[in-house]
Asks: 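What follows is a structure written as structure tokens; I'll ask about it next.
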Amino acid sequence: MRYLLAPAAVVLLVAGLAGVVLGESDDSPGLQLLGGLLVIGAVAIGVRVLRVPR
């Protein structure tokens with residue numbers, strides 16, 4: 001399961017950053033919010049993957 005969460009966190013992080021950037025260029029606060037939530041979720045998953053003992 002651990003080997004699936006790390007790539008998923010990276011994909012979520014990239015999608016969230018893209019959402020924030022595209023939301024900023026289009027002046028869409030909803031897209032920025034969703035992008036920010038994706039980034040926060042990706043960071044949470046990354047921390048969980050690193051903190052759980054192997």
Side-chain angles (χ1 to χ4, degrees):
M1 184 71 165
R2 182 181 174 101
Y3 58 90
L4 291 176
L5 286 179
V10 172
V11 169
L12 284 176
L13 184 67
V14 170
L17 290 175
V20 170
V21 170
L22 292 174
E24 179 69 28
S25 68
D26 192 27
D27 196 26
S28 171
L31 183 57
Q32 290 176 359
L33 175 67
L34 290 176
L37 290 176
L38 283 175
V39 169
I40 291 169
V43 170
I45 290 172
V47 167
R48 183 174 181 179
V49 166
L50 291 177
R51 289 185 55 103
V52 172
R54 294 176 188 191

Asks: Return each pair, listed once, that meets side chain to side chain donor-acceptor pair (under 3.5 Å) where at least one residue sits in residues 9-22; pairs must be two or more places apart or across chains.
Replies: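 Sorted result for residues 9-22: empty, none.
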Asks: Please tabulate, one pair per line, all N/O donor-acceptor pairs under 3.5 Å involving side-chain atoms of residues 42-52, not counting sequence neighbours.
Replies:
none

Asks: Pairs under 3.5 angstrom only: tabulate donor-acceptor contacts from the side chains of residues 25-40 to other protein residues two or more places apart or in another chain.
Replies:
from: S25; atom 1: OG; to: L22; atom 2: O; distance (Å): 2.9
from: S28; atom 1: OG; to: L31; atom 2: N; distance (Å): 3.4
from: Q32; atom 1: NE2; to: G23; atom 2: O; distance (Å): 3.3
from: Q32; atom 1: NE2; to: E24; atom 2: OE1; distance (Å): 2.9

